[in-house]
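The structure appears below as structure tokens.
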Amino acid sequence: MRTVYQEQAKVFKALCDPKRLAILEQLRSGEKCACVLQEPLDLTQSGLSYHMKILCDSGIVVSRQEGKWTHYRLSSSGRDYAIELLKKLTTPDVEQESTCPRCG
């Protein structure tokens, strides 16, 4: 059974690899075909496919098929989800001095 944390971790997994960050940088200028993404990153087709699956599973990138090629673009809803998730996980529910029973 998948937990909410496993689903949320997909976002951070997508962002924790230099190759995937380079792919996201390329996609900032618009939709790109897999063949265009592959060359500057010096990736094999299977290597690119591996990274793109992680990015798409996170929701940050979406894909569409056109003939035998896959085209990728950034997802605004995926971006918004990632931003809100980071805010949620790094914002305290309430300000507290200490919740440690031993420290007081």
Side-chain angles (χ1 to χ4, degrees):
M1 173 166 51
R2 297 200 76 74
T3 68
V4 67
Y5 299 121
Q6 288 170 316
E7 288 301 310
Q8 291 173 343
K10 290 178 180 182
V11 171
F12 299 105
K13 181 177 181 178
L15 300 173
C16 74
D17 182 89
K19 293 272 188 192
R20 291 192 285 276
L21 293 177
I23 291 167
L24 292 174
E25 183 66 33
Q26 285 192 47
L27 293 175
R28 289 183 63 216
S29 62
E31 184 179 84
K32 301 275 187 308
C33 175
C35 63
V36 172
L37 292 169
Q38 195 174 336
E39 266 185 51
L41 297 172
D42 194 31
L43 285 170
T44 62
Q45 185 175 352
S46 64
L48 179 66
S49 180
Y50 168 78
H51 289 296
M52 296 316 296
K53 178 172 180 9
I54 291 170
L55 287 167
C56 288
D57 284 351
S58 76
I60 295 171
V61 172
V62 292
S63 67
R64 69 176 179 85
Q65 253 345 94
E66 187 175 295
K68 68 176 187 168
W69 293 105
T70 306
H71 295 257
Y72 299 96
R73 65 178 168 80
L74 296 173
S75 166
S76 58
S77 62
R79 177 200 60 225
D80 294 345
Y81 173 72
I83 290 167
E84 287 306 312
L85 177 59
L86 182 59
K87 280 184 189 177
K88 178 183 171 187
L89 293 174
T90 59
T91 303
D93 287 333
V94 292
E95 294 296 324
Q96 296 179 345
E97 288 181 26
S98 175
T99 58
C100 178
R102 292 185 182 148
C103 301

About how many Å separate CG of Leu37 and CD of Gln45, when rounded to the nearest 0.5 Å? 12.0 Å
Side chain to side chain, Leu43 and Tyr50, heavy atoms closer than 4.5 Å: no
For a quick test of reading the model, state the closest non-hydrogen atom pair linking Ser75 to Gly78 and the distance between them. OG-N, 3.0 Å
Using the rule that Ile, Leu, Val, Met, Phe, Trp and Tyr join whenever any side-chain heavy atoms are under 4.5 Å apart, tell me whether Phe12 and Ile83 fall into a single cluster. no
Strictly distance-based, threshold 3.5 Å: is any side-chain N or O of Lys13 a donor or acceptor partner for the main-chain N or O of Ile54? no
Distance col, row Leu85:CG vs Thr90:OG1, nearest 0.5 angstrom, shows 9.0 Å
Could you give me the CA-CA distance, side-chain angles and deciding distance for Leu24 and Leu15, then say whether side chain to side chain contact (heavy atoms under 4.5 Å, CB included) is met? CA-CA 9 Å; Leu24 292 174; Leu15 300 173; 3.7 Å; yes
Distance-only criterion, 3.5 Å: show the donor-acceptor pairs between side-chain atoms of residues 27-36 and protein atoms not counting sequence neighbours.
from  : atom 1 : to    : atom 2 : distance (Å)
Arg28 : NH1    : Glu25 : OE2    : 3.2
Ser29 : OG     : Gln26 : O      : 3.1
Ser29 : OG     : Lys32 : NZ     : 2.5
Glu31 : OE1    : Arg64 : NE     : 3.3
Glu31 : OE1    : Arg64 : NH2    : 2.7
Glu31 : OE2    : Arg64 : NE     : 3.0
Lys32 : NZ     : Gln26 : O      : 3.1
Lys32 : NZ     : Gly30 : O      : 3.4

Check for me, please, whether Leu89 and Val11 land in the same ILVMFWY cluster - side-chain distances under 4.5 Å, paths through other members count. yes
Output the distance between atom CD1 (Ile23) and atom CG (Leu74), rounded to the nearest 0.5 Å. 11.0 Å
Find out whether Val62 and Arg73 are in side-chain contact, i.e. whether some heavy atom of one side chain is under 4.5 Å from a heavy atom of the other. yes
From Leu55 CG over to Lys19 NZ, what is the distance, rounded to the nearest 0.5 angstrom? 13.0 Å
Identify the heavy atoms of Gln65 and Thr70 that sit nearest to each other, and give their distance. OE1-OG1, 2.6 Å
When rounded to the nearest 0.5 angstrom, what is the spacing between CD1 in Ile60 and OG in Ser77? 10.5 Å
With side chains defined as the heavy atoms from C-beta onward, is the minimum distance between Tyr72 and Cys56 less than 4.5 Å? yes
Which atom pair, heavy atoms only, marks the closest approach of Met52 to Val61? CE-CG1, 3.9 Å
Do Lys53 and Asp57 have side chains that approach each other closer than 4.5 Å (heavy atoms only, starting at C-beta)? yes
Is the side chain of Gln6 donor-acceptor paired with the backbone N or O of Thr3 at a distance under 3.5 Å, no angle test? yes
